[in-house]
Amino acid sequence: MATINLTIENHKQITEENEIVILDFWAEWCGPCKMFGPVFEKVSEKHPDVVFAKCDTQQEQELGSAFRIRSIPTVMIMKQGKVVFNQSGVLPESALDDLIKQIKELNVNEIEEQAG
């Protein structure tokens, strides 16, 4: 699956209507973001059952603020509309693949029950 652009107009639909959504918050001027972009794209092709969305924080400042992005690149993973992973910095391909495997196995309802 190709990555899609996350915007203020489509973010609710994308994050609420898909089981797993992986978000890449980036900017054109960011060197590490440019290094991570091809990794994000490559991993998206291996997981057609997961939605991969990119948010240009320069173009979508309001959205970056809404997601409390303080550093880029930031990878955020949502499952069933809830943030289950949030980390700044570049992830290697193997780490992103492993994260996706873990998120697919994650039971969000159990986490909520344990949190009480």
* Structure fact -> When Val84, Val21, Asn86 are each screened for side chain to side chain contact (heavy atoms under 4.5 Å, CB included) with Met76, the one that passes is Asn86

* To do: Flag yes if Val43 and Phe36 sit in one hydrophobic cluster, no otherwise; membership is Ile, Leu, Val, Met, Phe, Trp, Tyr, and two members link when side-chain heavy atoms are under 4.5 Å apart.
  => yes

* Taking all non-hydrogen atoms of both residues, which atom of Cys55 and which atom of Leu63 are closest, and how far apart? -> SG-CD2, 3.8 Å

* Taking the inter-plane angle between the rings of Phe40 and Phe52 on a 0 to 90° scale, is it parallel (under 30°), tilted (30 to 60°) or perpendicular (over 60°)? -> perpendicular

* Asked: Between the side chains of Thr7 and Asn10, is a donor N or O closer than 3.5 angstrom to an acceptor N or O?
  -> yes

* Structure fact -> In this structure, CD1 of Ile103 is separated from CD of Glu105 (nearest 0.5 Å) by 10.0 Å

* Of Ile8, Leu6, Asn5, Ile69, which meets side chain to side chain contact (heavy atoms under 4.5 Å, CB included) against Glu60? -> Ile8

* Say whether Thr3 and Ser44, considering side chains only, have a donor N or O and an acceptor N or O under 3.5 Å apart. => no

* Structure fact -> Between Ile14 and Asn18, the two heavy atoms sitting closest are O-ND2, 2.8 Å

* Structure fact -> Residue set satisfying side chain to side chain donor-acceptor pair (under 3.5 Å) with Gln58, at least two apart, ordered chain then number -> Trp29

* OG on Ser88 to CZ on Phe25, rounded to 0.5 Å -> 10.5 Å

* Structure fact -> What one should report as the nearest heavy-atom pair of Phe85 and Leu99 is CZ-CD1, 3.5 Å

* Rounded distance (nearest 0.5 Å) linking atom NZ of Lys104 with atom CD of Glu19 -> 11.0 Å

* Asked: When Leu91 is tested against each of Asp97, Leu96, Asp98 for side chain to side chain contact (heavy atoms under 4.5 Å, CB included), which residue passes?
  -> Leu96

* What's the shortest heavy-atom distance between Val90 and Pro32, and which atoms? -> CG2-O, 3.5 Å

* Could you list the residues that satisfy salt bridge (Lys or Arg N to Asp or Glu O under 4.0 Å) with Glu93, not counting sequence neighbours? => Lys42, Lys46

* Val51: which of Leu23, Ile4, Ile20, Thr15 passes side chain to side chain contact (heavy atoms under 4.5 Å, CB included) -> Ile4

* Using a strict cut-off of less than 4.0 Å between a Lys/Arg side-chain nitrogen and an Asp/Glu carboxylate oxygen, indicate whether Lys54 and Glu41 qualify as a salt bridge. => no

* If you round to the nearest 0.5 Å, how far is OG of Ser71 from CD of Gln87? -> 10.5 Å

* To do: Could you please spell out the steps behind the side chain to side chain contact (heavy atoms under 4.5 Å, CB included) verdict for Ile22 and Met78?
  => CA-CA 6 Å; Ile22 302 180; Met78 300 181 77; over 6 Å; no

